[in-house]
There are 2 protein chains.
Amino acid sequence: MGGEAPGSAPGTQDELNLGLLLFIPYRAMEKAVLDALDAAGYDITLAQARVFQRIDQDGSRITDLAEAAVLTKQTVGFLVDQLQRAGYVERTPDPRDGRARLVRVAPRGAAAVQASMRVVAEVEAQWTAYLGETRTAQLREALTILREITDPYQATDWRSKYNRG
Amino acid sequence: MGGEAPGSAPGTQDELNLGLLLFIPYRAMEKAVLDALDAAGYDITLAQARVFQRIDQDGSRITDLAEAAVLTKQTVGFLVDQLQRAGYVERTPDPRDGRARLVRVAPRGAAAVQASMRVVAEVEAQWTAYLGETRTAQLREALTILREITDPYQATDWRSKYNRG
DNA sequence: GATATTAGTCAGAATATCTGACTAGAATCG
DNA sequence: CGATTCTAGTCAGATATTCTGACTAATATC
């Protein structure tokens with residue numbers, strides 16, 4: 001892998017492409033969180049977690065979750081069904097749109113969030129210890145900016161609270 | 001999503017956790033590459049690509065690919081079968097270990113790599129234009145360092161070429 | 001040389017994901 | 001308004017992905 005892996009940027013012998021470089025730590029974080037949740041008795045799958053983590057505090061629509069997770073509405077509906085049956089989320093009618101329903105984090109889901117936040121904090125602390133404060137801050141800054149052009153669901157406040165309010 | 005999404009680091013109101021921040025651009029890159037490969041006539045699935053991109057130039061073992069991709073050996077074997085049937089990879093016996101076989105990129109696979117490298121370069125250029133050279137360099141630097149403690153398969157040259165040679 | 005490990009496969013089951021078709025509510029437009 | 005178009009979500013069916021457990025053959029250990 002030290003040489004040029006398939007998918008490397010052209011001309012760079014020992015540099016992986018940014019996609020893979022992003023994936024590696026992401027996958028490590030994901031595994032750490034899932035393992036910890038499992039150990040704590042939360043039976044959440046990878047696919048469920050990837051949808052779950054994008055639920056807005058004020059509730060999210062299936063369509064928006066699908067966009068955010070880059071999945072079809074059907075897939076997200078299927079996963080939300082499971083999360084609902086397991087008690088992690090609940091669905092309420094959207095008062096602003098009779099067709100829609102809002103997916104919200106239920107108490108058991110909030111407890112799982114608490115548990116996962118602890119692990120996330122631990123992992124981030126470990127990363128910071130290795131990278132140093134400065135580089136960690138730079139990493140976060142770059143990623144936050146990058147999000148502006150790579151997040152398919154830019155559900156920032158202007159959209160969820162003004163355009164729909 | 002502007003507020004605190006489930007999984008956010010504790011105490012941070014508008015900052016997403018690093019895991020999600022990594023995932024968002026990664027997923028964007030992945031989708032761009034897969035879409036381009038599809039348009040170019042390469043029928044590679046997401047799961048196949050995630051394994052494929054970690055194949056070493058000198059060949060990789062199923063076990064190592066599984067470790068790198070955080071999947072079971074069975075799953076990787078299954079995906080490599082598909083890639084092999086489609087002509088993207090080939091398997092050769094490992095001269096150093098009679099039990100093992102080396103998965104190598106086949107000509108058709110190399111062509112797909114060429115195509116994907118073009119897209120990766122485009123996307124990276126777009127990101128650089130948005131982030132600026134400095135922040136992009138910082139991003140790459142931080143991720144490269146982070147890889148040292150988050151890549152489950154640190155298959156750098158010392159391992160593949162010396163420990164086994 | 002017996003025992004334990006490791007690489008990989010086979011089989012079967014559970015999960016995840018997609019495409020296509022459909023229902024009901026909302027938005028548009030003349 | 002009322003017809004048409006669009007949007008949110010679901011139902012059904014087909015694939016694709018991934019896992020656990022059991023197994024074979026080759027290698028490493030003592």
Side-chain angles (χ1 to χ4, degrees), chain A residues 27 30-31 34-35 38 43-53 55-56 59-86 88-104 153 155 159-160 163-164, chain B residues 27 30-31 34-35 38 43-52 55-56 59-86 88-104 153 155 159-160 163-165:
Chain A
R27 195 69 177 80
E30 187 174 63
K31 183 166 168 45
L34 267 291
D35 285 355
D38 184 58
D43 54 330
I44 292 178
T45 68
L46 191 57
Q48 289 165 6
R50 284 176 180 167
V51 168
F52 182 76
Q53 74 176 340
I55 299 172
D56 190 287
S60 296
R61 297 178 180 200
I62 291 288
T63 303
D64 292 339
L65 290 176
E67 193 180 1
V70 198
L71 295 170
T72 61
K73 289 187 296 181
Q74 293 92 321
T75 297
V76 172
F78 173 78
L79 294 168
V80 167
D81 279 348
Q82 297 175 334
L83 287 167
Q84 184 173 19
R85 247 179 280 121
Y88 295 109
V89 305
E90 54 200 15
R91 283 199 250 217
T92 56
D94 185 338
R96 285 174 282 186
D97 189 334
R99 296 166 299 180
R101 292 201 282 165
L102 293 176
V103 179
R104 293 170 183 282
Y153 183 53
R159 177 162 169 181
S160 52
N163 278 24
R164 288 176 187 157
Chain B
R27 195 69 177 82
E30 187 174 63
K31 182 165 169 47
L34 267 291
D35 284 356
D38 184 58
D43 53 332
I44 292 179
T45 68
L46 190 59
Q48 288 165 7
R50 285 176 179 167
V51 167
F52 182 76
I55 298 172
D56 190 286
S60 296
R61 298 178 179 197
I62 292 286
T63 302
D64 292 339
L65 290 177
E67 192 180 1
V70 199
L71 294 170
T72 61
K73 290 187 296 181
Q74 292 92 321
T75 297
V76 172
F78 174 78
L79 294 168
V80 166
D81 280 348
Q82 296 176 335
L83 287 167
Q84 185 173 19
R85 247 180 279 120
Y88 295 110
V89 306
E90 54 200 15
R91 283 199 251 216
T92 57
D94 185 337
R96 285 175 282 184
D97 188 335
R99 296 165 300 180
R101 291 201 283 165
L102 293 176
V103 180
R104 291 170 183 284
Y153 183 54
R159 177 162 169 181
S160 51
N163 278 24
R164 287 174 189 160

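Lettering of chains follows the sequences in order, A, B, ..., and the numbering in each one begins at 1.
Here the side chains of B:Arg91 and B:Ile62 are in contact, with some heavy-atom distance below 4.5 Å. In this structure, B:Arg50 and B:Leu46 have side chains that are in contact, with non-hydrogen atoms separated by less than 4.5 Å.
With the nearest nucleotide of DNA chain C identified for both B:Leu102 and A:Ala47, B:Leu102 has the one nearer the 5' end. Comparing A:Gln48 and B:Asp81 by the nucleotide of DNA chain C whose heavy atom lies nearest to each, the residue mapping closer to the 5' end is B:Asp81.
Bracketed by its first and final contacts, the part of DNA chain C lying under 4.0 Å from non-hydrogen atoms of chain A reaches from C:dA16 to C:dA26 in 5' to 3' order.
Formation of a donor-acceptor pair under 3.5 Å by the A:Tyr88 side chain with backbone atoms of A:Gln82 is not found in this model.
Spacing between atom NZ of B:Lys73 and atom C1' of D:dT17 amounts to 19 Å, rounded to whole angstrom units. In this structure, the CD1 atom of B:Ile44 is 15 Å from the P atom of D:dA16, given to the nearest Å. Spacing between atom CG of B:Asp43 and atom C1' of D:dA16 amounts to 14 Å, rounded to whole angstrom units.
In summary, of the residues considered (A:Arg104, A:Arg99, A:Arg61), a salt bridge (Lys or Arg N to Asp or Glu O under 4.0 Å) with A:Asp94 occurs for A:Arg61 alone.
If you check every strand for non-hydrogen atoms under 4.0 Å, A:Arg91 touches sugar and phosphate atoms only. Counting any heavy atom pair closer than 4.0 Å across all strands shown, B:Thr75 reaches a base atom. Among the atoms of the strands shown, only primed sugar atoms or phosphate atoms (P, OP1, OP2) are found under 4.0 Å from some heavy atom of A:Gln82. Using a 4.0 Å heavy-atom criterion, one finds that A:Asp94 contacts no nucleic acid atom at all.
Legend: residues meeting salt bridge (charged side-chain N to carboxylate O under 4.0 Å, His left out) with A:Asp38, ordered by chain and number and at least two apart, are absent.
Here the closest heavy-atom approach between residue A:Leu102 and residue A:Pro95 is recorded as CD1-CD, 4.4 Å.
For A:Arg99 and D:dT7, a side-chain-to-base donor-acceptor distance below 3.5 Å is present, hydrogens and geometry of angles not being considered.
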TODO: Check step by step if side chain to side chain contact (heavy atoms under 4.5 Å, CB included) holds for B:Phe78 and B:Thr75.
DONE: CA-CA 5 Å; B:Phe78 174 78; B:Thr75 297; 5.5 Å; no

TODO: Could you give me the CA-CA distance, side-chain angles and deciding distance for B:Arg85 and B:Asp81, then say whether side chain to side chain contact (heavy atoms under 4.5 Å, CB included) is met?
DONE: CA-CA 6 Å; B:Arg85 247 180 279 120; B:Asp81 280 348; 3.7 Å; yes

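Separation of atoms CG (B:Leu79) and CG (B:Leu65) is listed at 10.0 Å; rounding is to 0.5 Å.
For the helix from C:dG1-D:dC30 to C:dG30-D:dC1, the angle separating the two terminal helix axes comes to 40°, with each axis derived from five pairs and the value rounded to 10°.
One finds a side-chain N or O of B:Thr45 lying less than 4.0 angstrom from the OP1 or OP2 phosphate oxygen of D:dT17.
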